[in-house]
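Counting convention: from 1, in listed order, for ligands and their atoms alike. The first residue in the sequence is number 1, and the count goes up from there. These values consider heavy atoms only, across backbone and side chains, with no hydrogens, waters or symmetry-generated copies.
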Amino acid sequence: MNKKFYITTPIYYVNARPHIGHAYTTIACDAIARRQRMLGADTFFLTGTDEHGQKIERAAQAAGKTPQQFADEVSAQFRALWERMGITNDDFIRTTEERHKKRVQELFRRIRDTGHIYKGTYTGQYCVFDELYVDAVGSGAPCPECGRPTETVREENYFFKLSAFQDRLLQLYTDQPDFIRPETRRNEVMSFVGGGLRDLSISRSTFSWGIPVPDDPKHVIYVWLDALANYITAIGYGSSHKAAQEAFQKYWPADLQMIGKEIVRFHCVYWPAFLMAAELPLPKTIMAHGWLLFEESKMSKSRGNIVRTETILDVLGADALRYFLLREVVFGQDGSFSFDALVQRYNADLANGVGNLASRTLTMITRYFRGEVPYPSAAVSQKAGDSAIAENARKVIAECGILFDQYQFSRALEVAWSLVAAVDKYIVENEPWALGEKQDEESRSRLATILYTSAEALRIVTALAHPVIPDATSRIWSQLGLDDIRKFPLSELKWGQLELGAKLGSVQPVFPRADKSAIERMQKMEEQQRSALTDAQPDAPAQTTAVPVASTPPVAATPTAKSAATVPDGKISIDDFAKIELRVGQVKAAEKVKGADKLLRLEVDLGTEIRQVVAGIAESYAPELLIGRKVVIVANLAPRKLRGLESNGMIVAASPEGGKAVLASFLEDVPVGTRLK
Ligand code: MSP
């Protein structure tokens, strides 16, 4: 019987449209799933969307939609994108589906029945962005994970006895060293768990967008318990249907759960503890990859530095993105994305590399051998260079397989492409085009050997690269006159399988060269998209009143000629309001101004620049509590000096009569630099 292979991506939050950070994980899993299928494993590849919780509820509210409408829209965008990219997931789970909800309740019951849940009261800080209970102290204290201000939660909750699993977890990491990969992450988790575990609140009762706790529907199940459970609910856990139960028996435990490094704790501590409590088997490996950085920081919606996948698909196609991400970034480590590097890699390795090898080899076979795979000649015209290529290919097949199976994509591709380079060199040295001009038997026979050798090496690279660049390799495969590449048994790949005399398909270029304009086009598409999104931001909440706190006089409204005629006394026109440039900024640094009790000097990131702003909020806020906080800045205020320091802009706050200033802020996450209007 065939071995099975169950692989999962994290399920993506629906508060943000998909970007290439999400695509990165999905592409890596897709490449692994495709390879496993070619190796003959009965493969199940799962992805989906994470749709419950406070963060999604608030994002929906900000967009003026119900959470369900909102989730439906964004989840559909993820699904459509994966389809467009040819991702081969076998299922797509949404946590708002009935099947999931029922089965999560079943899991909750199970953990309760085994005695691992009790009722208590949680008082402490909560980070809505990470949906994480944190140990920080004090209202607004920054989340240790993301730096955003936390909220104080005081509510009756159900608790999970996480503390009871400390020893078993440590034992697990020791006994099963591959449970967490790479090693650095494993060490981090071991030291976190070794430091002691506290019980975990696993329900919330102050909002309702979630799955009700069985028998106590005032509570909804903690979104991470709900989300993590997708890995088992999607394949049938907790179902009463026989087929679903059989699927669960067949596929669970997962062979590989792929995640980004920021969600290691949830997957490597909470998840195995929940499974242990439910007496279920544990996944074999959880692999954490690094972040995709853009302009030096993690690509994310909140930083406003995302790159959309669609832009790259439109200009260079899915294979280009897949190849770039897996070749350029050392899997497990952070890696940078840039359009320049993408186009450079594309041209060097795809257009001039495998694309060129395919087109020159296949074109010559068409021209000199009527499109039929030529017979390599007898020993007479065999040279050392021919057997060196065959030898090289044998080595590449072996090494590439090992590296792939260790998820060292970058190295695996490097090795496969070393064969492309070797064959290129071989072709140049042997000048088949010169032989093609001659009609004597020896030249013909030599030409046949060279082109056969090149085509066979091309076939081998094509088979090895298929999981990474499925579209182009399928086309090269059929140009080589071969059947469905997906069905090719990769474990049997060896030199000499190319069928002699087989008729080639019609030869078409697979990777046309990209010129410089490709970079500009992609950059432009992204800029347009960014400004379209900024323009579509929801209105600022009505209750946010702009009160100057940096002892700067309020902006005087000078009515324009047009507005003066139409606006009643005491009011300003919308044009007047539009003159005030209010933007979302993020505090990067804050300190007291020497000799001024009320002033703080802040460095505020406006997305395009860092501004120094001096604000009279020292009596309301300790400087360290402001780091990471998003604030509203009047960005086009003329600079002025306060205590000798230049203040470039004004921070917006409410100043209640006789009370302390309260900074205007946002309940939902909003990209830095966004304009308020
Ligand atoms: N919903 C949770 C996961 C629940 S799984 C039970 C979540 N969602 S997320 O939308 O924030 O996506 C997280 C995953 O997307 C990361 O773990 C990572 O796999 C991928 N990435 C999102 N941004 C990324 C980068 N900038 N770089 C690399 N991967 C990124 O967390």
Suppose I only count heavy atoms of [X] and a 4.0 Å limit; which atoms of ligand 1 are within that range?
{"X": "Ala227", "answer": "6 (C)"}
{"X": "Lys298", "answer": "23 (N), 24 (C), 25 (C), 26 (N)"}
{"X": "Trp291", "answer": "27 (N), 28 (C)"}
{"X": "Asp50", "answer": "1 (N), 2 (C), 4 (C)"}
{"X": "Leu228", "answer": "6 (C)"}
{"X": "Tyr231", "answer": "5 (S), 6 (C)"}

Taking non-hydrogen atoms only, is Leu292 closer than 4.0 angstrom to ligand 1 via side chain, backbone, both or neither?
both
Assess the residue pair Thr285 and Asp178 against the criterion (side-chain hydrogen bond (donor to acceptor under 3.5 Å, both in side chains)); give the C-alpha distance rounded to whole Å, side-chain angles, the decisive distance to 0.1 Å, and a yes or no.
CA-CA 6 Å; Thr285 293; Asp178 266 355; 5.0 Å; no
Atom pair CZ/CD1 of Phe337 and Ile20 - distance to nearest 0.5 Å:
4.0 Å
Would you give the length of the straight line joining atom CH2 of Trp224 to atom CG of Asp130, rounded to the nearest 0.5 angstrom?
8.5 Å
Among all protein heavy atoms, pick the one closest to [atom] and tell me residue, atom and distance.
{"atom": "atom 15 (O) of ligand 1", "result": "Tyr12 CE2, 3.4 Å"}
{"atom": "atom 22 (C) of ligand 1", "result": "His22 CD2, 3.8 Å"}
{"atom": "atom 13 (C) of ligand 1", "result": "Glu262 OE2, 3.7 Å"}
{"atom": "atom 23 (N) of ligand 1", "result": "His19 CE1, 3.4 Å"}
{"atom": "atom 24 (C) of ligand 1", "result": "Gly21 CA, 3.5 Å"}

Within-cut-off N or O pair, [X] and ligand 1, under 3.5 Å:
{"X": "His267", "result": "no"}
{"X": "Tyr13", "result": "yes"}
{"X": "Ile11", "result": "yes"}
{"X": "Gly290", "result": "no"}
{"X": "Thr25", "result": "yes"}
{"X": "Met299", "result": "yes"}

For the residue pair [Y] / [X], report whether a side-chain donor-acceptor contact shorter than 3.5 Å exists.
{"X": "Arg84", "Y": "Thr309", "value": "no"}
{"X": "Thr8", "Y": "Tyr231", "value": "no"}
{"X": "Gln125", "Y": "Thr152", "value": "yes"}

Could you establish whether [X] and ligand 1 come within less than 4.0 Å of each other, counting only heavy atoms on the residue side?
{"X": "Trp224", "answer": "yes"}
{"X": "His289", "answer": "yes"}
{"X": "Trp271", "answer": "no"}
{"X": "Ala16", "answer": "no"}
{"X": "Met258", "answer": "no"}

Would you call the rings of [X] and [Y] parallel, tilted or perpendicular, taking 30° and 60° as the class edges?
{"X": "Phe160", "Y": "Phe274", "value": "perpendicular"}
{"X": "Phe165", "Y": "His116", "value": "tilted"}
{"X": "His22", "Y": "Tyr12", "value": "perpendicular"}

May I ask you to establish whether Arg198 and Tyr133 are in a cation-pi arrangement, using a distance under 6.0 Å from NZ or CZ to the six-membered ring centre and at most 45° from the ring axis?
no
Taking C-beta and beyond as the side chain, do Met38 and Pro467 meet within less than 4.5 Å on heavy atoms?
yes
Please indicate whether Glu262 has more than 12 foreign heavy atoms, meaning atoms of other residues, nucleotides or ligands, lying under 6.0 Å from its CD.
yes
Between Phe404 and Phe409, is the ring-ring contact (aromatic ring centres under 6.0 Å, His included) condition met? List the steps.
CA-CA 6 Å; Phe404 235 114; Phe409 305 113; 5.6 Å; yes
With sequence neighbours excluded, residues passing ring-ring contact (aromatic ring centres under 6.0 Å, His included) with Phe70:
none
